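First the structure, which I've put down as structure tokens, then a few questions once you've had a look.
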Protein chains: 2
Amino acid sequence: MHISLQALKAFESAARLGSFKAAATELAITPTAVSHHIANLESRLNTDLFHREVRKITLTPSGEYLSQNATSGFKLIFAAIEQLSQANNQVRITTTSSLAALRIIPALEELNNAKPHLRLDISTSETLDKQLHTLPVRLGNSEEVNKADIIKYERYDMFAANAQQSAPRLDKQVTLYTSQWKNNALPAPPLTQWLKINNLSDSCFKVKTFDQELFGINQVLANKGAVFCSKTLVQPYLDAGLLTSFNNQEVESKLCYYIPEKSRFETSIHKVVIEWLEQLLT
Amino acid sequence: MHISLQALKAFESAARLGSFKAAATELAITPTAVSHHIANLESRLNTDLFHREVRKITLTPSGEYLSQNATSGFKLIFAAIEQLSQANNQVRITTTSSLAALRIIPALEELNNAKPHLRLDISTSETLDKQLHTLPVRLGNSEEVNKADIIKYERYDMFAANAQQSAPRLDKQVTLYTSQWKNNALPAPPLTQWLKINNLSDSCFKVKTFDQELFGINQVLANKGAVFCSKTLVQPYLDAGLLTSFNNQEVESKLCYYIPEKSRFETSIHKVVIEWLEQLLT
DNA sequence: CACTATAAATAAGTTTTACTCAGCTATAAA
DNA sequence: TTTATAGCTGAGTAAAACTTATTTATAGTG
């Protein structure tokens, strides 16, 4: 007994819409074809699926049962196809608020001009949806993650608003913003090493922490103290002359941005986006 | 973009089996056909679904995604079809242990001879599986259930083993088994009315209850006292001369056997079984 | 009460598709 | 090198899916 999938689909539509005609419209065929399909299905299953009433069809118990299962089944299948189709020109990047706000979102317009066909959207939700086209850019420990996945090693330094004209005065305590990650597994910002390299004592600073670098950077832009953070994040502000590092020496950190299982993203669209990201963070 | 369901099915099989050839075998077509289908699918979705390696195919991430969804979707659909096909010659009756053991199961062989194509099985589980082909036969209150659903009104009487040769001697207390339902909503067996009609006093009896009539009936068959129970259940034993009612007067009860929403069972096979049941319990 | 409109069924013919066959490629194993 | 295997390609074909025209049954309408 070989049942036809097209007949099943016709039945599913007709059952859902309650009409052969409506089903025919949905499937872009004639009502006659739907009628044929369903008659065929009924004879093969050896059971009635619809009661034929005047200008109206109603499901038999068997029809009801098959309809429910067919509808859920086809829904699953076509939703996946829909995803695949969209994946052809859509990429969603999920990443930290800071990287999104300070680097990616400001660069989006330029990307959009360069690749107008590409739909890129950004998500900073923690609950990473395992959508097909979602590209996660995470902050991680460069000693632990796969080297090939890393797109940017993080270097740290202290920055303050250029408006201050000079290095923060060390004769009175300067407020220094830095980060304390919610995720304990992440290496802390290398503040101690940086102080040592630059021959500074932590007594010079009143350290305040946020769980996201973004907040400290915003404080500093508002001319409130200094921030010890990843150079990657403030690069545009350095370039624009809004922030400066006052010739202190920057330090390496164990932190890096990486894309888990980067090599898995092999469709052309993903490659384009990854390449763009790598270039952006160079 | 119109994607073919057959192509999808071919892809699903190939993905699940990891081979075009195996998929071809499963679908009873040639490997070439599978290859065509998948090439077609890939071009329509504009994405690769398989990596072609030597004598081996592996899924791309897109293929993996589609495969998982397609497999679940088709599984749902074909499981429903399987059910429907089976429903064509299979009926499961769920009912009380007593009715099953005393009336239905003993009659099964005869039914099987009369209708050899029919697969009937009996379930006494309380958790009624809402399978498509399950026919519930319940004990209910005839004043509450739909009249059209009733297949047998219950009449009650006292029965004892014929081996006793005479009515239970009333000069010493006779053990009388009767039922006390677990389900409080069910009317109790009409013992009081029966005693009244037959001018008997309950002091003549030592009443013991089981939650299923079957147990009391079995006691009596073992020549241990008398049972006050539904005539329907003991009819075969009366006919066989194993039990007798000693010319007491039977009484009506509110109890009845019924099939909820009987009219919904409209397939020929269900009708056959219902008719057989009604005849059996006449 | 005829008349129109509607939803589906039926019959017959047409188009499309899914499929097969023959031949080809690449490669692993003998 | 030879053989066997898994899949690909192209062309032709059988089967299916679909259409048009016609019919049936009936609800709604003037």
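As the structure is a computational prediction, the values presented were derived from the model and not from experiment. By convention in this document, chain letters (A, B, ...) are assigned in the order of the sequence lines, proteins followed by strands, and residues within each chain are numbered from 1.
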Take the protein atom NZ of A:K56 and the nucleotide atom P of C:dA9, then report the distance between them rounded to whole Å. 15 Å

Compare the minimum distances between each of D:dA25, C:dA9, D:dC8 and the side chain of A:R52, then state the nucleotide with the smallest one. C:dA9

Find the distance A:I3:CD1 to D:dA16:P and express it as a whole number of Å. 13 Å

To the nearest angstrom, the CG-P distance between B:L5 and D:dA17 comes to 11 Å

To the nearest angstrom, the CZ-P distance between A:R55 and C:dA9 comes to 14 Å

I'd like to know whether B:T96 forms a side chain to side chain donor-acceptor pair (under 3.5 Å) with B:Q212, so could you lay out the CA-CA distance, the side-chain angles of the two residues, the decisive distance to 0.1 Å, and finally the verdict. CA-CA 8 Å; B:T96 63; B:Q212 286 170 23; over 6 Å; no

Rounded interatomic separation in angstrom, taking CZ from B:F50 and C1' from D:dG7: 12 Å

Regarding B:K9 and B:S13, do their side chains bring together a donor and an acceptor under 3.5 Å, going by distance alone? yes

Could you check which nucleotide pairs with C:dA30 in any of the strands shown, counting Watson-Crick or G-U wobble with both distances under 3.5 Å? D:dT1

Residue pair A:L255 / A:W181, side-chain heavy-atom distance below 4.5 Å: yes

Spacing of B:K9 atom NZ relative to C:dC19 atom P, expressed in whole Å: 12 Å

Considering only heavy side-chain atoms of B:Q6, the closest of D:dA27, C:dA8, C:dA18 is C:dA18

Roughly how many Å is it from CZ in A:F11 to P in C:dA8, rounded to a whole number? 14 Å

For A:T71 and A:Q68, indicate whether the former's side chain and the latter's backbone hold a donor-acceptor pair under 3.5 Å. no

Selection residues 12-32 of chain A - residue pairs positive for ring pair (Phe, Tyr, Trp, His ring centres under 6.0 Å), sequence neighbours left out: A:F20-A:F50

B:E53 CD to C:dA28 P, in whole Å, measures 11 Å

Strictly below 4.0 Å, heavy-atom distances to any atom of DNA chain C: list the hits from residues 27-48 of chain A, or just say none. A:T32, A:S35, A:H36

Residue pair B:V137 / B:T95: nearest heavy atoms and the distance that separates them: O-OG1, 2.8 Å

Using a distance-only test with no angle check, is there a side-chain donor-acceptor pair under 3.5 angstrom linking B:S253 and B:E154? no

